2 protein chains.
Amino acid sequence: MLRLSKLTDYAVVVLTRLEEAEDGGVLTAPGLAAATGLGEPTVAKVLKILSHAGLVEGRRGAAGGYRLARPLAEMPLTDVIAAIDGPIALTACVDNSIGLCDAEATCPVRGRWDPVNDAIRRALSGISIADLARVPAIVPHPDVVAAE
Amino acid sequence: MLRLSKLTDYAVVVLTRLEEAEDGGVLTAPGLAAATGLGEPTVAKVLKILSHAGLVEGRRGAAGGYRLARPLAEMPLTDVIAAIDGPIALTACVDNSIGLCDAEATCPVRGRWDPVNDAIRRALSGISIADLARVPAIVPHPDVVAAE
DNA sequence: GCAATCAGGACCCGATTGGTACGGATTGCA
DNA sequence: TGCAATCCGTACCAATCGGGTCCTGATTGC
């Protein structure tokens, strides 16, 4: 389905929540889990990945927690996707990488998806997490409105 | 990894091969399998899906086979992806659909990915299968060139 | 009537993902 | 100095999904 993982979804939620509470302080993983309604271990996992990618900064210790490494407006969606789902490439053969495919010599699609990957990267690079956060979370569905 | 399925990849190969041999005649699934180097049952499966989506037309019987329903230039990539991978939506919650998510009321991301989905649809709608077929299948990789 | 082909479904195996658990390191505070 | 709270890294397990195969029918031409 051309889908990306749930973890990426969670990451956006957590990042959005982190910015809302941004007053210079930090938020703990358990606190974020309670605020988002997600499972605590899952939130911790997401935060660890984001920390590894440099999108959030973790501070250890008794008064530790997480805070954003930079404002969400300066955080392109591609960074989050790349951090959690890996490099943005629609097929297993990333761009023109060599040595991964067993039927490399006869593979009829080598390099063929490159323009598609580029198109998607361009489309996504213009969207920041702040753009997603700006969307109202609950949007009335046309069917529901029509049914009323 | 934001990946789409291998089947979609195969579909592009098969469609491209179908157009090359387009002289008004048809190509059989076993023939296409031999021509593309893919497994025969797999090719048959792809063709069945494409036929169901109306992208190719199957003709049964002794002299049966498949032919393109329309030229590849008039076949947007989104049609093939939608036929094989389903509707283009990055998350499980397709757009603003209701009733699928269990934690619907508290879900903090409902409708949030819509602009992303739209951006990807726009980026992909401008690409036809003919555009992909036009890309040379074998492209020298920069690393390989540098290593020589 | 027979052979060749498409059509549709069921099935199984492997891979990936989501989610969990555990031990260790770091920091603040009493 | 010890304790508690927190992050960090890794390993692990269960469930889902996709790739691939097979079988049985329906249709067509010879």
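All values below were derived from every heavy atom in this structure, side-chain atoms included, with hydrogens, water molecules and symmetry-related copies excluded. Bear in mind the structure is a predicted one, so any value in this text is a computation, not a measurement.
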Identify which nucleotide among [options] has an atom closest to any side-chain atom of [X], counting heavy atoms from C-beta outward.
X	options	answer
P41(B)	dA3(C), dT17(C), dT21(D)	dT21(D)
P30(A)	dG19(D), dC7(D), dG8(C)	dC7(D)
R3(B)	dT16(C), dG19(D), dG29(D)	dT16(C)
A63(B)	dT21(D), dG29(D), dG19(D)	dG29(D)

So, OP1 or OP2 of [N]: does either fall under 4.0 Å of a side-chain N or O from [X]?
X	N	value
Y10(B)	dG20(D)	yes
R59(B)	dA7(C)	no
S51(A)	dC7(D)	no
R60(B)	dG25(D)	no
Y66(A)	dC8(D)	yes

With heavy atoms under 4.0 Å as the rule, sort L47(A) into base, sugar-phosphate or nothing. nothing

Reading DNA chain C from 5' onward, which residue's closest nucleotide shows up sooner: E57(B) or G39(A)?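 Its nearest nucleotide being more 5', the pick is E57(B).
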
Is there a side chain to side chain contact (heavy atoms under 4.5 Å, CB included) between I84(B) and S5(B) once you walk through the steps? CA-CA 8 Å; I84(B) 300 201; S5(B) 67; 3.8 Å; yes

Separation of atom NZ in K48(A) from atom C1' in dT20(C), rounded to whole Å: 10 Å

Would you check if L132(A) and T16(A) make a side-chain contact, meaning some heavy-atom pair closer than 4.5 Å?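 No. Closest side-chain heavy atoms not under 4.5 Å.
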
Backbone N/O of T36(A) and side chain of R17(A): donor-acceptor pair under 3.5 Å: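 No: the side chain of R17(A) does not pair with the backbone of T36(A).
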
